[in-house]
Number of protein chains: 2
Amino acid sequence: MFPKATIARFPMYFRVLTEYNHQNIALVSSEEMAQKLGITSSQIRKDLSYFGSLGIRGAGYDVAYLLAKIKEVLGMDKSRRLAIIGAGKLGLALAGYSGLKQHGLEVAALFDTDDAKWGTNNGPLPVFPLTELASQKEKLGMEIAVLTVPASAAQPVANLAVKAGFKALWNFAPVRLVVPKDVIVQYEDLVVGILTLSHHLARKFG
Amino acid sequence: MFPKATIARFPMYFRVLTEYNHQNIALVSSEEMAQKLGITSSQIRKDLSYFGSLGIRGAGYDVAYLLAKIKEVLGMDKSRRLAIIGAGKLGLALAGYSGLKQHGLEVAALFDTDDAKWGTNNGPLPVFPLTELASQKEKLGMEIAVLTVPASAAQPVANLAVKAGFKALWNFAPVRLVVPKDVIVQYEDLVVGILTLSHHLARKFG
DNA sequence: GTGAGATTGTGAAAATAATCACAAGGGGAA
DNA sequence: TTCCCCTTGTGATTATTTTCACAATCTCAC
Ligand SMILES: NC(=O)c1ccc[n+]([C@@H]2O[C@H](COP(=O)([O-])OP(=O)(O)OC[C@H]3O[C@@H](n4cnc5c(N)ncnc54)[C@H](O)[C@@H]3O)[C@@H](O)[C@H]2O)c1
Ligand SMILES: NC(=O)c1ccc[n+]([C@@H]2O[C@H](COP(=O)([O-])OP(=O)(O)OC[C@H]3O[C@@H](n4cnc5c(N)ncnc54)[C@H](O)[C@@H]3O)[C@@H](O)[C@H]2O)c1
């Protein structure tokens, strides 16, 4: 129903709308948002048109209403709970990232095979042995598994997550995962962004 | 010359080719790579066709040669040095990420305004006061500035980076930056990935 | 050297995404 | 109410990306 490219822009819209909301601005035009976001206003209108007709001609969009709609389509209307598997450098950084909560995403627990990491010494969040993944999933109601383990561990960990009942995996390891087709995997490859920069530098300067 | 979408897949190709190389496999077919990567072989052939004709019909692609070509186009033939600005949770995770070096990217130093972070107590890398950005850029030969500062600091920090002569910024703060048009900004919005998952979960389950 | 089998390279077609351009409303002043 | 101004919503157009399909041509076994 919503194009992928449109879904990918909604988080950005969510953030500027939240800002307008805090400033008690009730109406905002596509042109105003476009300026702030560095994209075209027709892009915004086209994206929002997939909701049906929710703007007010001559005036703009109702900030609070649009915000509610975007939250709904992104599944932010109820808070979703995450399990972070791999309490290493990246896993702990994500666990302490306030941006997640601001988008309705709550890290409920971390998991690791290293017993030195177990317990609550790493901050407010508990680190459990990986063997407890399935039981804690039920207890804490977690829906999304975040994979921040070394590449070599990613596939076995994914298998465990699938067996534990996770239907959505957010994978930071640079590895393609094989999973049943009712399980969705979102790959996060940070190297792409910086190598794109490197590519442009190489073209321009050498 | 190379489509954006193609450039975005090169890092992935680079990794499987490196793997084949370590296994002393000299030739690889597009179908073999495709299987491993979960994409179509025609996608791979089309991507590689922008180099001109470098495969061997009936046999496949020369792993070492293809690797060299991809390195070249991604600017990995010489090692590029990075400055990480913001020695917080994410900045330190990136500083300790071995994947960067494996792709020819070397973190040379971190910068922070917080004097408690200055020095070399955070590991092998020095953390400098932000005021030294320009001078250290020259001394260490850094080309890319990585912004891992709070959203509110991102624009002022970007201004400093531009003034220091950086022509490429890798920005993790959820903020659009205004920069001169000879400066490239690559935005990294981690929330997009996980909200895409959340969206799918909401469609499927509610 | 020849033929069978494999794999590339690439035009053409299809799918997806972005931009354009303007008719259709809605707001608000007088 | 009427008229003017503003902004949406969207069909049409253009751009980009992916997929298809197969001729071209290379390898290798014999
Ligand atoms: N550090 C970064 O900034 C960064 C950036 C992008 C991608 N990544 C990727 O994220 C992953 C983690 O990177 P990192 O830098 O945090 O590494 P890390 O070594 O700091 O952390 C990995 C953690 O996973 C744990 N672990 C190992 N095997 C496990 C298993 N089978 N089950 C559960 N836990 C296990 C380890 O004990 C460790 O705590 C890697 O795949 C890396 O490529 C990291
Ligand atoms: N933590 C994550 O996993 C994560 C994920 C995605 C995006 N981000 C984004 O990355 C940025 C940093 O996040 P974090 O979690 O590392 O925060 P953090 O608070 O741990 O680190 C921020 C660091 O920036 C420093 N700083 C503040 N103002 C500065 C300035 N003007 N110049 C230089 N340094 C300055 C602080 O002293 C601190 O060390 C934020 O914009 C956040 O939205 C973080």
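Below, read A as the first sequence line, B as the second, and so on, with proteins coming before strands; counting in each chain starts at 1. Bear in mind the structure is a predicted one, so any value in this text is a computation, not a measurement. When reading the values below, keep in mind they use all heavy atoms of this one structure, side chains included, and skip hydrogens, waters and symmetry mates.
In this structure, B:Leu54 reaches the sugar-phosphate backbone alone: every heavy-atom distance under 4.0 Å involves primed, P, OP1 or OP2 atoms, never a base. Residue contacts for B:Ser30: at a heavy-atom cut-off of 4.0 Å it reaches the sugar-phosphate backbone alone, with no base atom in range. B:Lys46 comes within 4.0 angstrom of a nucleotide base, judged by non-hydrogen atoms across all strands. Across all strands, A:Ile39 comes closer than 4.0 Å to no nucleic acid atom at all (heavy-atom distances). Backbone-only contact: B:Ser29 has heavy atoms under 4.0 Å from sugar-phosphate atoms and none from a base.
Toward the 5′ end of DNA chain C lies the nearest nucleotide of B:Gly58, the other residue of the pair B:Ser49 and B:Gly58 mapping further downstream.
Remark: P of D:dT10 and OH of A:Tyr50 are 11 Å apart, rounded to the nearest angstrom. The CD atom of B:Glu31 sits 12 Å away from the P atom of D:dC20 (whole-angstrom rounding). At whole-Å resolution of the value, CD1 in B:Ile56 and P in D:dC26 are 10 Å apart. At whole-Å resolution of the value, NZ in A:Lys4 and C1' in D:dT17 are 12 Å apart. Taking atom CZ of A:Arg9 as the reference point, atom C1' of C:dT16 lies 12 Å away to the nearest angstrom. Taking atom CE on B:Met33 and atom P on C:dG9, their separation rounds to 13 Å, with Å as the unit. The nearest whole Å value for the distance from the CG atom in B:Asp47 to the C1' atom in C:dG9 is 13 Å. Rounded to whole Å, the distance from CD on A:Gln35 to P on D:dT7 is 12 Å.
Of all nucleotides listed (C:dT19, D:dT19, D:dT8), D:dT8 comes nearest to the side chain of A:Tyr61. If you check D:dT18, D:dG9, C:dG9 against the side chain of B:Arg45, the one that comes closest is C:dG9.
Classified by interplanar angle (parallel below 30°, tilted 30° to 60°, perpendicular above 60°), the ring pair B:Phe128/B:Phe111 is tilted. Between A:Phe14 and A:His103, the ring planes are tilted. Angles from 30° to 60° get that label.
You'll find the ring centres of A:Tyr187 and A:Phe172 outside the 6.0 Å limit.
Contact annotation: B:Ser42 does not reach the phosphate of D:dT19 (side-chain N/O to OP1 or OP2, under 4.0 Å). Between B:Gln43 and D:dT17, a side-chain N or O to OP1/OP2 separation shorter than 4.0 Å is absent.
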**Study point:** CA sep, side-chain torsions, deciding dist, call: A:Leu90, A:Leu94, side chain to side chain contact (heavy atoms under 4.5 Å, CB included)
**Key:** CA-CA 6 Å; A:Leu90 183 58; A:Leu94 288 172; 4.2 Å; yes
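The base of D:dT25 does not come close enough to the side chain of B:Arg57 for any donor and acceptor atom to sit less than 3.5 Å apart.
Using a 4.0 Å cut-off between a side-chain N of Lys or Arg and a carboxylate O of Asp or Glu, A:Lys36 and A:Glu19 qualify as a salt bridge.
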